[in-house]
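Data block below; observations after.
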Amino acid sequence: MSSFRVQHANARVDFGKPLNFTFDGRRYDGFEGDTLASALLAYDTRMVARSFKYGRPRGIVGAGAEEPNALVQVEAGAMTIPNLKATQVELYDGLVARRTTGWPTLEFDVKSFGGRFARFMAAGFYYKTFQSRRLWPKFEHLIRHAAGYGNTPVDPDPETYDHQHHHADVLVIGGGASGLLAALETGRAGLDVILIDEQSEPGGWLLSSPNSVIGGKSAPVWIKDCLAELRSLPNVRLMTRTSAFALHDMNLVQAAEQIQDHLPPSQRITGVPRQRLHRIRADRVVLATGAIERPLVFGNNDIPGILTASALTTYLNRYGVACGSRVLLMTSNDQVYQGACDLADAGCTVTVADTRYASNTEWAKRAAASGVEILNGFGIARADGGRAVAGAKLVKLHADKNEVAGDGPYVACDVIGSSGGLSPTVHLYCHDGGRPIWDESKLAFIATGTGRAKAGIYCVGAVTGEFGLQAGLEQAFRTITDLLTSLGKTPSRVASDVRTNEPAPAPPRRIFRVPDGKREGHGKKAFVDFQNDVAASDIHLAVRENYRSIEHIKRYTALGFGTDQGKLSNVNGFAIAADALGKSIPEVGTTTYRPAYSPVTFGTLAGAHEGDTFEPRRYTAMHGSHAARGAEFEPVGQWMRPWYFPKAGEDLHGAVHRECLAARRSVAIMDASTLGKIDIRGKDVRDFLNRVYANDWTKLAPGKCRYGLMLDENGMVMDDGVTACITDDHFVMTTTTGGAARVMSWLEKWHQTEWPELEVYMTSVTDHWATAAIVGPKSRAVLVKLCSDIDLSAAAFKFMDWRDGTVAGVPARVFRISFSGELSFEVNVDASYGHHVWEALMEAGAEFNITPYGTETMHVLRAEKGFIIVGQDTDGSMTPFDLDMAWAVGMKKPYSFLGKRSFTRSDTARSNRKQLVGLLTDDPKVVLKEGAQIIETSNTRPPVPMLGHVTSSYFSPELGRSIAMAVVRDGIGRRGEAGVKDGRDVVYAYAGGTAHRVKIVSSIFIDPKGERQNV
Amino acid sequence: MQKDYSVWSLFKQGLRHNEGWDPAWKSPEPKPSYNVIIVGAGGHGLATAYYLAKEHNVRGIAVIEKGYLGGGNTARNTTIVRSNYLWDESAMLYEHSLKLWEGLTEDLNYNVMFSQRGVFNLGHTLQDMRDIERRVNANNLNGIDAMVLDGAEVKRRIPLIDASKSTRFPILGASFQPRAGVARHDAVAWGFARAASKYGVDIIENCEVSSMDIAGGRIKGLQTSRGYIGADQVGCVAAGHSSVLAKMAGIRLPLESHPLQAFVSESLKPCLDTVVMSNAVHGYLSQSDKGELVIGAGIDHFNSYAQRGSPHVIEHTAAAIIELFPMFSRVRMNRQWGGIVDTAPDACPIISKTTVKGLYFNCGWGTGGFKATPGSGNVFAHTIANDEPHPLNRAFDLNRFSTGHLIDEHGAAGVAH
Amino acid sequence: MFVITCPHCREKREEEEFSYGGEAFIARPLSPETLDDAAWGDYLFMRKNTKGWNWEMWGHATGCRKWFVVKRHTATHALEGAWTLADGRKIYDAEGAGA
Amino acid sequence: MSKPATAPIIQSPLHGFGLVTVARAMNDTRGVWANEVPFLGYISLRGASTDAALTAAAAQALGLSLPTEPCTFTRDGAIKVIWVSPDEWMITCQRDRRAALLSSLAKGLEGIRSQVADNSGGFTQVLIKGRNARDVLSHCTVYDLGALGEGRVVGTTFGKSSVYLHQASDGYCLLLRRSFADYIWRYLVRAASPYGIGVAVFGPGHSGAAE
């Protein structure tokens, strides 16, 4: 037993509140405030994972978001979460976690055998082999199953997520010393401030450094006082467990809040989301994101029990866990000394191998006082131990070259911590195009405090390379002073408030890869990126193979592509690459990061856009009636339209057959409310319509309606509908259901941008009108029962007329138009009465067995008449002439209407374009597949030239046979009634392997003269 | 001469601590002039150079690149490869490309990890299903493998998908192309670079074109950040930056450059063995060999050259994925990024000669360029070598925007590639 | 993600309230019939696709439903301003951006 | 044939949720209280703010002035005029006032470039009150609610839909389109669930138009 608990007062765990949990099937105890990692380490746990490529034993390395190895699967079943970092999992009672690597077991891992051949599996090895086309799929199967960490749940997520939008004057990201200072100063100045911190409590590194003193207060007291004051300010909002994972243009920050993850599933509150996406738009963003310690790179540096020095300090001071009793620390800087002293004071034997020949004298004094042994000028050549570190071989380093100068002692130890210096957490700074710069004195890519102030981005503390507490606070104070001054405000503090007990810093040694006296690749593997098994030798290999751009190096070796986003590996990788390339680090390039800073669930990103609220469903005023009558619905655009109304035991075809015959023989009724309706008014309305429609509107008289075709500028049909002339300067246009919004903004755009001089206004009245289409020979008989103030007689109310009147006691506008070819009335009323009028019509029609029908029957009825559906019979490549609808084009109109000019282009003017025709199969029972391709002969051996395709196809109950519409090259000229010779009217319709012989005919299958609608 | 890659070379080099590997490609200084300069060292540009040298015996070829090779959309796409397009012209071009994909690893002696795991294009509405039927029948008559599957069959083949009727976009069926799949994007660029380099093609990185030397209606050379380079012929394959190059030659293109975003999840154990695409819900995904869910988002509607889009696009895409796979709401996004796609009005590419003699453009691939990489390079090489389009790209010239002979693939293209 | 000040609502609003309308000030030819196919095709399809300061149209979809113009840098996403069509036109012409 | 015996039955867009039957008096047990304010009159008016004749005639016809300041509304008792754009307003009123207002507008605007359209079937209103009303809205819209002062009204997003939004006494008023009402109500209820939502009885004094 080498690890042990140290129950000191400053620990952030509550030793009075024991919790138990399970890892990999074994039960453990921990305390409230522990993370899964700290609790496991307290049990001396070393190996928690196997490495991605070689299956090497791996342990916990860090204490937070930087952790590369300890990826665990938490909970099971629908609640399971893959790939959480044990260092970020807050312990709760009954927590169940397991490893995500190591097969069949952690102890006995198959991959580790492959690992023995690591030298044959260097970076990019799979690009160089598995080239057999036959064998690759088998290799790939193996690779896929060897890769991957946790498992996705297989059941739908029982928890929910949501979004919240915020707007603030100042957003401070990071609740460490500088972040707290920034929030206090801006808060005191009366600004709207949001402070977010990713951890369960603010404090940042101070939580790991309780012996620090700020302005005469110990760190814990200083934090407590800051928080108390922040909470007392109404203009400051403090959010914990909230990780800012992306910074976007104009200071929009996305942050993910963990609302319930730290609670046992049994204690989670239903109705409260599991996680929440905060979208924060701030005038000024203050990045107080701190820095992350990077380890030094040395042989076997991935053996479990080798952590970053700062992690060792954190586990001791914050969680009360000494990770070992014989501690070896290796450093290039001052950072490890406080921890070294604390560990020694806690009873550990501590040796510091300081790669510098001269340590910081003040720290050396304090260390000596705590009984810490310091070996100056030494580094670790190689660590020993299999699944737990047992010792390390030191070498004497050259004073100024990173080379071995001589032999060194062997140090037996049960834990190693190393520090190569700090790397500023510049991830967010990079997201919106910011570029950190390399500072050779600080050995870090740093963000500048006010360099991006113009964009409203300020950086404070360690993220700017001011790593010491004293220097960081001073820099933060200066920067916030600038920020406040730019707003005409003044800071409340005086600099003395941030004086600390920190010794003046001594310069660090510039070292990343600790030499072992061997050529790179000859000694023990020295890992740079643990999660992707990238060793220093892999980087050298990449360079050797001319992958010299840092992006190539990263991609070829996978450096920094893990879920830790290269937090530990990036700078070491750069430095080693620079070495290999013989360049300086800035010459290699600047490090940059993409969102997410730390992984965020898809659920959080989606928020409430899920299930019922994924996408709007629009309903008409009659929807209740349809649902009550058992309608099946079809989504059309955002609308839910009745598709058909099955009676008991009826399928689609049965219902449609019945509905069609009702419309043709008696009376049927359809909800047409979803059609777009646009009220257009103004003295120039006819001129306007003449420009946006192909038709001529000059002579349409009040009281009359006309069908119109709307074209895009490319000359292709984009929408259609009936437009009524109310008065000379007032028209009402109808559009397709799916096209309504598009047409409305199309018309507005043309009016606003091209023809503002036209006196016309448009208003959408789609939602105002509810529309019932009463269709069939008996429709007049039905309507007359409910409408006494319109003369409905054929003579008085002609086809394509409209009238105002009253239906079922409700003011109504009735159109005598027909999309079925039958006598038909479309009754429009204030939608508030839509349901009432629908029910009244059903009641009045009962004696004629009035039959409600849906979109499917509507399609059959209109196809029998050869009426097109835009979007089904057209696909954006059909002109009015292709549709044989020249009658709807007013070529003589003075204004060159939208799309007209395009007609005369060579390809558009071609005679043999695809044209809309009707098709009749030889076998009347065969209903062609919509989407069947038209070919010349029955030969279907590819490649077969295609003439067009079937756009609409149904069985027509009226005709007792199948009918179809299709677009066919030169089709109009090939129609049977055109008297074509030698069977040019015969083609084949191919679908799913079979070709049916069909005749090309007119697309009007019944009542070509259109007499029925005129009765 | 460069060593071949094989198990044996891996073994031999392994024993020598991997110190004996050659550079994958050479990085020479630019020569004063070349017969052909390809501008843009993405997959398409490198493939063009490779096929020019290999199939047309052209020598004196340089590929110049303003950044690092393969750093544009080649490195930023979601790697879907398929050929189930609607219109003959595009179907034939993409099928030509797919055939090349099938032999590419062996041809390049570089494993591009082409994985023929099939692609599903989901249908959620009756019109979706009509369009799928139409496209699949056209594919079959063009000799392209494709089939229509119903909702139950889709569920059987993709166990995690939500096939319930209650969803906002119920899955009515899908088209399925078995030979389609995914590949390792970087490997394609590196493989072509290495193979082209073997043929003596000069690959010159960090070399940005600042102006074009055009005299008497003919291209003479390029002014670059690494000096003037003469050329008899210049092929521009610059994707999002095509309009910028065209401007230097006084040519206008029907292109708009938009951000196209994508993201990957953390690495997971295998949970999805194919590629799923849905235009209706605007999401498409596959799982990489490394275990990451690779997810393509919609394009941002505004023009941009910033390789950065808006977060709500990513959020909507995550929602779309959850609509298809509800359990993935607990999976986490690890990394997101953006590319710049050059979109044409008919969602089809432009592979064309221009009004300037010796100057050619290959652009407008929009959201779908990756799948075409070998085919695009192959026909473009032919176009340059013969100063005449290959039969497969004749229809993709610039004239179609005045004759009106557009090849509208919005249906097949959608957002989803 | 942008914040745009709608020149009609005179308020800063989030990008999601707007829809992008493409290149600004592409005037419809006054007499299309007099253009040859190339010129008509140019009007229909050819675009500047500027890398740099770009004059573009945005519509305030959820707000006033008005179309207006924005000057935005397509490489940095910097936004210089938003104007009504009329006001924007004056600046656009003054800059010679149409040339 | 004569009119049917039964008088026409009016139905509001949120009828399907049966809000009337579950509504109760507000209390402290819920963070937010909401309900539909149904059956109002809605009139779309278009014309140029800059046209003095129009603004004068409209003011005359309505008995209150047209707001010409962007994103504001004017109110007089039960009539409210909402600025939508420099050439568009939405007038809300008690349903029984609609016919009178339509005809007085029609008469008053005779010969003036304008448009008047009855949209009463197309819209409804939802009132949201309670201590967390603003929190709930911050989940639903991207708009900066801090900028929404008294007397201001904005058209903005609501989930993937859109609404007109303004403050109402101790709460907010949403003006929305009929066909989107179902989606918006579901979205609202979901957003409110962490705070607890109740369906409130808003007294007669609480008609949306009076807010």
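So you know, we letter chains A, B, ... as the sequences are listed, proteins then strands, and number each from 1. Quick note: numbers below take in every heavy atom, side chains included, and nothing from hydrogens, waters or symmetry partners.
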(request) Going by the side chain to side chain contact (heavy atoms under 4.5 Å, CB included) test, name the single residue among D:Val154, D:Thr157, D:Val142 that passes it with C:Arg13. (result)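 Considering D:Val154, D:Thr157, D:Val142, a side chain to side chain contact (heavy atoms under 4.5 Å, CB included) with C:Arg13 is found only for D:Val154.
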(request) Please report the closest heavy-atom contact between D:Cys71 and C:Cys9, naming both atoms and the distance. (result)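 Smallest heavy-atom distance, with atoms named: SG-O, 3.6 Å.
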(request) Grab the two heavy atoms, one from D:Gly155 and one from C:Glu17, that are nearest each other, plus how far apart they are. (result)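 So the two residues come closest at O-OE1, 3.7 Å.
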(message) Heavy-atom pairs under 4.5 Å with chain C: which of D:Pro70, D:Ala147, D:Ser162 has the most?
(response)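 Top option by heavy-atom pairs under 4.5 Å: D:Pro70.
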(request) Please determine, among D:Val163, D:Asp87, D:Asp144, the option with the most heavy-atom pairs under 4.5 Å with chain C. (result)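 If we count pairs closer than 4.5 Å to chain C, D:Asp87 comes out on top.
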(message) Using heavy-atom distances under 4.5 Å, tell me whether C:Glu11 contacts chain D through its side chain, its backbone, both, or neither.
(response)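 The side chain, not the backbone.
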[atom1] of [X]: more than 12 outside heavy atoms within 6.0 angstrom?
X       : atom1 : result
C:Glu23 : CD    : yes
D:His15 : NE2   : no
D:Arg97 : CZ    : no

(message) Is there a side-chain contact between D:Pro86 and C:His8 in this structure, where contact means two heavy atoms from C-beta onward sitting under 4.5 Å apart?
(response)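 With C-beta onward as the side chain, the pair touches.
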(request) Identify which part of D:Tyr164 has an atom lying under 4.5 Å from any heavy atom of chain C, answering side chain, backbone, both or neither. (result)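 The answer is the side chain of D:Tyr164.
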